[in-house]
Participant: 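The structure that follows is given in the form of structure tokens.
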Amino acid sequence: MSASSSSFNMFNLESLVRPNIRAMKPYSSARDEFQGEAHVMLDANENSLGSAGPERFNRYPDPLQRAVKAGLAPLKGVSPEQIFLGNGSDEAIDLLVRLTCTPGQDSILILPPTYGMYEVAANLNDVGIERLPLSADFQLSAETVAGILASEAKLVFLCSPNNPTGNLLHSEGIEQILRGFRGLVVVDEAYVDFAEAPSWTTRLHEFPNLVVLQTFSKAWGLAGLRLGMAFASPELIKYLNKIKPPYNVSEATQQHALQALRDAPHFEQMRRELLLGRDWLQERLPALKIVEEVFPSDANFLLVRFRPDATAVYDFLLGRGIVVRNRTSQPGCTGTLRLTVGTPQENQLLLSALQEYV
Ligand SMILES: *Cc1c(COP(=O)(O)O)cnc(C)c1O
């Protein structure tokens, strides 16, 4: 028996899913019950005449977004049954909490400083939050890994590359957590397209407790579309589909996503340009007197520690019409602002403004 299979004796998806969700019958939509081509579609109370507005959207969309998943699967090296699509990855975060955590009883585990939506999803669902800190360099310490392995939380969110710090979490630590944690391990890879490391989707076959989140909101440039992805075992994906709102991804979104997938060269060109912009800022920011530290980044933003007063810098930039994210009140992030890499012109404006700060 290999080390990886022996360590999963304790992982059991069925026992992790809330009993009411295991037992419930999902909503069966008209489009679920009839798949295929019919001439006369009078099953769903749609408007057969057409649509107001410039385009036709009079039919309900495919609840399982089969065409988008068929386009996405080869790109991601997974099968369509391993893909969940949601109204942003924020929807997947919420559904994962609801799938596993009984309100008023169970908890999630997060590693501050990290993405704020995990807490919001827990609070919205009346689910507890356990916190174990990242180290001063925003990594998984041995103590924190040990704390995760000892935790009874139903799921742990590992954001890698992490928001707002920008760094990848060490793969050794993530692997230890995957082998030893009793609950689901959610690796949020919203920024993976800007990182050198391979996605954890390449390890899905090894870890039945692994869920990988990605999004069209960052490198694909489609934040306004609201389309997020979760990759996991077919069994887990089935549960997410069971509890999602039936038509959670609109027809407009599905059509647009298909077009975006065919425009992969543009994605690649933007990705490269953003990486060049990151390098450009990374080279120039440390020369500024007000910059104490530019943290390494595997994402499309830089966390920067300013002296003596980050909030004064933030306000100064606002006065110049430049809005960045003040992260100074986040654990371990005292004195920091998070700067998103923009167009070359925006990066130049940001740098010039910071050079003129007095
Ligand atoms: C931006 C971001 C997301 C993306 O959320 P969407 O709902 O897909 O727009 C997810 N996780 C993290 C850590 C992010 O920074």
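Both counts, for ligands and for their atoms, begin at 1 and track the order of listing. Hydrogens, waters and symmetry mates play no part in the numbers below; they use all other heavy atoms, side chains included.
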Participant: Indicate whether the side chain of T165 and that of N167 have a donor and an acceptor atom separated by less than 3.5 Å.
Facilitator: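 Looking only at side-chain atoms, N167 and T165 do form a donor-acceptor pair, the distance falling under 3.5 Å.
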
Participant: Hydrophobic cluster mates of Y60, side-chain heavy atoms under 4.5 angstrom, ILVMFWY only, any path?
Facilitator: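 Taking Ile, Leu, Val, Met, Phe, Trp and Tyr as members, Y60 shares its hydrophobic cluster with Y247.
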
Participant: Ligand 1: which protein N/O atoms lie under 3.5 Å from its N/O atoms?
Facilitator:
from	atom 1	to	atom 2	distance (Å)
ligand 1	5 (O)	S89	OG	3.2
ligand 1	7 (O)	S89	N	3.1
ligand 1	7 (O)	D90	N	3.1
ligand 1	7 (O)	D90	OD1	3.4
ligand 1	7 (O)	D90	OD2	3.4
ligand 1	7 (O)	R226	NH2	2.6
ligand 1	8 (O)	S89	N	2.7
ligand 1	8 (O)	S89	OG	2.8
ligand 1	8 (O)	T215	OG1	2.6
ligand 1	9 (O)	S217	OG	2.6
ligand 1	9 (O)	R226	NH1	2.8
ligand 1	9 (O)	R226	NH2	3.4
ligand 1	11 (N)	D188	OD1	3.3
ligand 1	11 (N)	D188	OD2	2.7
ligand 1	15 (O)	N163	ND2	2.8
ligand 1	15 (O)	Y191	OH	2.6
ligand 1	15 (O)	K218	NZ	3.2

Participant: According to salt bridge (Lys or Arg N to Asp or Glu O under 4.0 Å), who are the partners of D106, at least two apart in sequence or on a separate chain?
Facilitator: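 With neighbours one apart ignored, the set is empty.
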
Participant: Just to verify, what does D62 make a salt bridge (Lys or Arg N to Asp or Glu O under 4.0 Å) with, not counting sequence neighbours?
Facilitator: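 Scan of D62 (salt bridge (Lys or Arg N to Asp or Glu O under 4.0 Å), adjacent residues dropped) gives R66.
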
Participant: For the pair R203 and E175, find out whether any cationic side-chain nitrogen is under 4.0 Å from an anionic carboxylate oxygen.
Facilitator: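 Looking at R203 and E175, the cut-off is met.
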
Participant: Under a 4.0 Å threshold between the charged nitrogen and the carboxylate oxygen, would K238 count as salt-bridged to E235?
Facilitator: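 So E235 does not pair with K238 through a salt bridge.
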
